[in-house]
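Keep in mind that this is a model prediction, so the values were computed, not measured.
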Amino acid sequence: MISRKLLTARAYEENAEQLILEEERPAFHLSPRTGWMNDPNGFSRYGGLYHMFYQYYPYEARWGLMHWGHAVSEDLLHWTYLPVALAADSEFDKDGCFSGSAATLPDGRQLLMYTGVVLEIQSDGSTKEIQQQCLAVGDGTEYVKYEGNPVLTERDLPEGSDRFDFRDPKIWKRPDGTWRCIVGNRHQKDSSRILMFESEDGFHWKWKKVLADNRFRFGRMWECPDFFELDGKWVLLTSPQDMLPQGFEYHNGNGTLCLIGSFDEETETFVEESNQAVDYGIDFYAMQTLLTEDGRRVMIGWMQNWDTCTPNTAQRKWFGQMSLPRELSIKNGRLCQAPIRELQTLRKNEVRHEDVRVSGRVELDGVSGRKAELILELQVQDPEVFRKFTVCFAENEHFHTNLSYRPHEGTLKIDRKFSGSRRAVIHQRRTKVYPENGILKLHLILDRFSAEVFVNDGQQTMTCTLYTDLSAEGISFSCDGGEARISVTKWELS
Ligand code: FRU
């Protein structure tokens, strides 16, 4: 039986969606059907389609009682909304259905594993969230919560684990038919661990081991873990809260972390070899991956960050977007990202400018737009006198967003101060970049309200959202001190 809460949410979203015009949304990034969206959940392939569920509060564009929104796609770029999949309608999740993942059962049904939240009143009168792992089983549209819920509770936690921060299960089936899941868990007061659990059938779970230990290094609680093999290595992705900055690598607050290492499949032991941030821009968090049928590891993140969500989002019709799906690889020991290749099917009206000399400011014929893809190769002429190269986009007399490269610092900065924000949140961020043979390559993708930059074939990415009026669609290039040579290829995306 479908609960009243789920029916109400479904009826609400069907109506509210009508109030949002197509051009008020991104064109090829997923946004919530209505209201609020955060983390990607249950990103998977099922029944011949890609499925994306998401943290969802349909009733207002602010975080609230968490549902799982649902959309499907054939190409990861055009999405069709399906009815809300999960509502907080059961005793084990009455205060929210938090993040989780999806897998296919041997009998063909889809299994969702998520965190059920229940508020508990403490002896001092305050309330705290009890977080437990729960299951739902479905056919790709309708999901029924498992009668044995919750399947992982505080009783399954090892010594020293906190029962209030225990969330975001990522589930997978192993080649031998058994199941594993990993869950983020606060450990002691200020650190966290990724815990691994095992199951024979996907329904009955027990504690296995600690997969990775933060050891107070990267923020406090590690949220939304994912773990997979990639190019002969193993990768653990997670999104730490409360980070302290480390050089240009990690910034304060909510961040992203990629640990690359080896994994002994016999003993299930992960040995870390290196760490890096996943995205160096402003808005990227809680990423999740899937494996496509042709063997590509594809990652999507929430194209937002808790620290930069403005407090007045509720005035909007919708808030929150997913990033572009990105193909992952490891090159020279680093995680690299490329825009999903399906994006090329949206390209129209190619414009090319080869070897243009820039001193001062130039605009190039045919190079403008807010749904656009631009590949720019840049060579600085005289590094001694050269100060700064800037590409400006979403530009008119009032607005602009900048990417600026300072060769003497070896940094690239994204600056969206003039992008329509009326809040005093972070609007700039920098990363180190490493030109190859003197050439810096910037691959920029714009989709109305966002910019994603892939630097040097995805060695770094910088992502941010924009609030700029859509009439600001100029793109320009400028040099401060000296001269640069640029080659630009640009497409409209539609
Ligand atoms: C990450 C997160 C998750 C949690 C969800 C709640 O952004 O805090 O840890 O499950 O959001 O909406």
Side-chain angles (χ1 to χ4, degrees), residues 1-10 13 39-56 65-73 80-118 131-153 155-156 166-183 196-206 208 224-226 288-291 293:
M1 241 239 318
I2 299 183
S3 73
R4 179 177 290 274
K5 270 200 180 152
L6 191 58
L7 283 175
T8 307
R10 287 179 172 186
E13 64 173 2
D39 314 354
N41 293 158
F43 183 35
S44 57
R45 177 112 190 139
Y46 180 74
L49 292 170
Y50 293 107
H51 287 250
M52 178 60 91
F53 303 84
Y54 52 91
Q55 288 288 281
Y56 183 36
L65 186 64
M66 281 292 111
H67 298 62
W68 273 35
H70 192 187
V72 289
S73 173
T80 305
Y81 293 113
L82 292 183
V84 193
L86 302 178
D89 54 12
S90 305
E91 146 216 345
F92 46 80
D93 62 16
K94 68 178 181 51
D95 295 302
C97 298
F98 277 18
S99 286
S101 53
T104 305
L105 287 164
D107 65 9
R109 293 175 302 160
Q110 194 177 31
L111 181 65
L112 308 182
M113 191 176 205
Y114 66 98
T115 301
V117 174
V118 177
Q131 304 189 332
Q132 304 175 327
Q133 313 325 312
C134 302
L135 300 172
V137 175
D139 61 0
T141 309
E142 298 299 338
Y143 295 85
V144 176
K145 290 177 185 170
Y146 174 52
E147 68 274 9
N149 279 343
V151 296
L152 283 173
T153 71
R155 286 193 300 279
D156 304 287
F166 175 42
R167 60 180 175 272
D168 311 335
K170 170 80 189 206
I171 187 178
W172 71 94
K173 189 153 86 168
R174 306 204 327 152
D176 69 4
T178 65
W179 297 80
R180 295 290 180 271
C181 78
I182 53 170
V183 187
M196 185 187 260
F197 298 87
E198 65 181 338
S199 169
E200 291 294 315
D201 58 2
F203 291 90
H204 301 88
W205 289 89
K206 63 175 199 265
K208 173 102 185 153
C224 304
D226 197 348
Q288 206 176 69
T289 70
L290 60 65
L291 195 62
E293 274 163 7

K.L.:
I'd like to check Tyr50 versus Leu290 (side-chain heavy atoms, cut-off strictly below 4.5 Å). Are they in contact?
P.N.:
yes
K.L.:
With the side chain counted from C-beta on, respond yes when Trp68 and Gln55 share a heavy-atom pair under 4.5 Å apart, and no when they do not.
P.N.:
yes
K.L.:
Do the side chains of Val72 and Thr80 get nearer than 4.5 Å, heavy atoms only?
P.N.:
yes
K.L.:
Side-chain contact test, heavy atoms from C-beta onward, threshold under 4.5 Å: evaluate it for Lys94 versus Val118 and give yes or no.
P.N.:
yes
K.L.:
Supply the atom-to-atom distance Phe43 CZ to Asp226 CG, rounded to the nearest 0.5 angstrom.
P.N.:
10.0 Å
K.L.:
If I take atom CG from residue Asp168 and atom CD1 from residue Ile182, how far apart are they, to the nearest 0.5 angstrom?
P.N.:
10.5 Å
K.L.:
What are the two closest non-hydrogen atoms of Ser99 and Pro169, and how far apart are they?
P.N.:
O-CD, 3.4 Å
K.L.:
Please collect all salt bridge (charged side-chain N to carboxylate O under 4.0 Å, His left out) contacts where either partner lies in residues 96-106, sequence neighbours excluded, each pair once.
P.N.:
none
K.L.:
Would you say the ring centers of Tyr143 and Phe53 fall short of 6.0 Å from each other?
P.N.:
yes
K.L.:
Can a side-chain donor-acceptor contact be found between Tyr56 and Glu13 if the only test is distance below 3.5 angstrom?
P.N.:
yes
K.L.:
For a 4.5 angstrom cut-off between non-hydrogen side-chain atoms, does Tyr146 reach Leu111?
P.N.:
no
K.L.:
Residues two or more places apart in sequence or in another chain: which of them pass side-chain contact (heavy atoms from CB on, under 4.5 Å) with Tyr46?
P.N.:
His51, Thr104, Gln110
K.L.:
Could you check whether Gln132 and Thr115, counting side-chain N and O atoms only, form a donor-acceptor pair closer than 3.5 Å?
P.N.:
no
K.L.:
Please name the pair of heavy atoms, one in Leu65 and one in Gly96, separated by the smallest distance, quoted to 0.1 Å.
P.N.:
CD1-N, 3.7 Å
K.L.:
What residues, two or more places apart in sequence or in another chain, satisfy side-chain contact (heavy atoms from CB on, under 4.5 Å) together with Ser101?
P.N.:
Lys170, Ile171, Gln288
K.L.:
Might you point out which heavy atoms bring Leu82 and Gly140 nearest each other, and give the distance in Å?
P.N.:
CD1-O, 3.4 Å
K.L.:
Nearest 0.5 angstrom please: Leu291 CG to Ser44 OG, how far?
P.N.:
12.0 Å
K.L.:
Within this structure, what is the CG-NZ distance for the pair Leu152 and Lys206, rounded to the nearest 0.5 Å?
P.N.:
12.0 Å
K.L.:
Kindly compute the distance separating CZ (Phe166) from CD (Gln131), expressed to the nearest 0.5 Å.
P.N.:
9.0 Å
K.L.:
Please list every donor-acceptor pair under 3.5 Å in which a side-chain atom of residues 83-92 meets a protein atom from a residue at least two apart or in another chain.
P.N.:
from: Asp89; atom 1: OD1; to: Lys145; atom 2: NZ; distance (Å): 2.6
from: Asp89; atom 1: OD2; to: Ser3; atom 2: OG; distance (Å): 2.6

K.L.:
State, to 0.1 Å, how close Trp179 and Ala103 come at their nearest heavy-atom pair, and which atoms those are.
P.N.:
CZ3-CB, 3.6 Å
K.L.:
Show every salt bridge (charged side-chain N to carboxylate O under 4.0 Å, His left out) that has at least one partner inside residues 105-117, sequence neighbours left out.
P.N.:
Asp107-Arg109
K.L.:
Is the shortest side-chain heavy-atom distance between Met113 and Trp205 below 4.5 Å?
P.N.:
yes
K.L.:
Does any non-hydrogen side-chain atom of Val151 lie less than 4.5 Å from one of Phe203?
P.N.:
no
K.L.:
Let me confirm one number: the SG-CZ distance from Cys224 to Phe98, rounded to the nearest 0.5 Å.
P.N.:
10.5 Å
K.L.:
My understanding is that only residues two or more places apart in sequence, or in another chain, count here; which of them pass side-chain contact (heavy atoms from CB on, under 4.5 Å) with Ile2?
P.N.:
Leu6, Leu7, Arg10, Glu142
